[in-house]
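Here the structure is laid out as structure tokens; the discussion comes afterwards.
Remember, it's 1-based here, ligands and their atoms both numbered in the order they're listed. Each residue takes its place number in the sequence, starting with 1. Basis for what follows: all heavy atoms, side chains included, without hydrogens, waters or symmetry-related copies.
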Amino acid sequence: MKFVGIVGSNADQSYNRMLLEFIRKQFKVKFELELLEIDEVPMFNQDEDWKESFQLRLIYNKITRADGVIVATPEHNHTITAALKSVLEWMSYEVHPFENKPVMILGASYYDQGTSRAQVHLRKILEAPGVNAYTLPGNEFLLGKAKEAFDEKGNIINEGTVKFLELCLDNFVKYVEVVSTLKKPKLIEPEDLDCNHPIATTVTDVDPDDPDWVEKVAKITGAVSGSTYVKLDHGILTVDQINMFLKSMPFELTYADDNNQFLYYNNAHQDPDTMYAKRVPSQSGSRMSTVHASLPPQRMKNVEWVIGTLRNGNQEYVRTLIPNPNPAVLNTHNYQAMYYNDGSYAGINEIVFNFKPWLDWYLQTTGQRLVGGNTPASPATHVDASSGASDSSVGGAVTTDADSGASSH
Ligand SMILES: Cc1cc2nc3c(=O)[nH]c(=O)nc-3n(C[C@H](O)[C@H](O)[C@H](O)COP(=O)(O)O)c2cc1C
């Protein structure tokens, strides 16, 4: 389960941030919690474009995909901060990411009442028609005397307080589970598989379907290769090392960007006939419509459905199991959304993976065996994505195309 926590304060030192950070580490096995800051959000102004603000885009994208939101509100003059109110105004004017989203309120403040008045106001605001959140009833967690509440490591000192916080969070998890059954998936817009919407990184001088796309684009961009060093987020590798690293992955990896251009696969060295999802070097750079040209129209619709589902945030990944008569093969495809820094959709990372050797290893190592249900030789062919959604809620049972992994639902 993935939650985001909104720090309702724009101060560098914030007890509400400390509270969310404590929740994140203390209850990490119960849910994932990502903190969202509001310190750079401009004052709401309906004449201005919310998309101009990086932080607002991030807040919008993260809330849209989260299973639930925890808002930690300070109390300023018996109400919420102006900074938090501004965020809620932005997020209820042209866009409405809180709509039908489960939200839990908590807060920390200096005095005994521990944000009780701010929480009442916040609850009312979250229920306003433009916001329309599903706010968890009751379960008021109020952390008074915030200055004395934490130790030097940021942990809440009082055990009883931690226990009560856990109870409130457990109730929120249950609430999110219930509310998720009411969730209506967002509409999937038609996908342009012909790459007609160039993005900042698209090289428009070479036709995507050109079989020499890699060489031609490398020349135009001056792309580095071989022993040249590349600085990554947390490491420095040569291009040769990056290639070795990716080639050694025990699965087939592909990358298509948000213009639906198939940019890369890691098995160009491999005989295509030995691959679970057959790719050939001339496909690098191709339009997705070309990569899947052999598919019947219905299957092409399924490619669009997978991309659209990831693009609109209904799911962060889609998984399929490709039927295979060979009992040594459990051919799984995982289509994972990738995101830009502001949380917007950046394309698909596809992993094609024979899960059977790993499964056998796990069973042997732990002395377990599979019982009942579908046997590996005749697996169920259905999508069960991140939400745990059943076939019907993600659009019906899925069958798959053995070559492309495109699923039909
Ligand atoms: C302008 C202002 C008004 C405040 N009003 C209240 C208040 O009404 N009730 C309260 O409990 N604390 C009040 N405080 C103190 C806050 O509880 C305290 O600053 C707290 O640390 C704010 O949360 P933060 O640390 O997450 O920013 C106020 C603080 C400021 C700066």
Query raised in the report: When R287 is tested against each of N259, D192, D207 for side-chain hydrogen bond (donor to acceptor under 3.5 Å, both in side chains), which residue passes?
Result: D207
Query raised in the report: Looking at Y276 versus F353, is the centre-to-centre ring distance below 6.0 Å?
Result: no
Query raised in the report: What atoms in ligand 1 come closer than 4.0 Å to a heavy atom of S109?
Result: 11 (O), 17 (O)
Report task. Return yes or no for this condition: an N or O of N16 is under 3.5 Å from an N or O of ligand 1. Result -> yes
**Report entry** Protein contact of atom 10 (C) of ligand 1 - nearest heavy atom, named by residue and atom, plus distance
**Finding:** Y111 CD1, 3.3 Å
Requested in this report: Write out the residue and atom name of the closest protein heavy atom to atom 5 (N) of ligand 1, then the distance separating them to 0.1 Å.
Outcome: N77 N, 2.8 Å
Report task. Could you verify whether a donor N or O on one side chain and an acceptor N or O on the other, from N260 and E191, lie under 3.5 Å apart? Result -> yes
Query raised in the report: Which heavy atom of the protein is the closest neighbour of atom 21 (O) of ligand 1, given with residue, atom name and distance?
Result: Y110 CE2, 3.1 Å
Query raised in the report: Got the closest protein heavy atom to atom 25 (O) of ligand 1, with its distance?
Result: Y15 N, 2.8 Å
Query raised in the report: Any idea which part of S9 is under 4.0 Å from ligand 1, heavy-atom wise: side chain, backbone, both or neither?
Result: side chain
Query - Between N16 and S9, a side-chain donor and acceptor under 3.5 Å - result: no
Query raised in the report: Parallel, tilted or perpendicular: which fits the ring planes of F22 and F27, with parallel below 30° and perpendicular above 60°?
Result: perpendicular
Query raised in the report: Cationic tip of R279 within the cone over Y264's six-membered ring, i.e. under 6.0 Å and within 45° of the normal?
Result: no
**Report entry** Shortest reach to atom 22 (C) of ligand 1 by a heavy atom, considering only A83, A118, G107, P74
**Finding:** P74
Query raised in the report: For the residue pair W50 and Y60, is the inter-centroid distance of their aromatic rings smaller than 6.0 Å?
Result: yes
**Report entry** H78 to ligand 1, any heavy atom closer than 4.0 Å
**Finding:** yes
Query raised in the report: What protein heavy atom sits nearest atom 14 (N) of ligand 1, and how far off is it?
Result: E75 O, 3.3 Å
Query raised in the report: When you measure from the centre of the six-membered ring of Y15, is the NZ or CZ of K147 under 6.0 Å away and within 45° of the axis?
Result: no
Query raised in the report: Can you tell me the protein heavy atom closest to atom 29 (C) of ligand 1 and the distance?
Result: H76 CD2, 3.6 Å
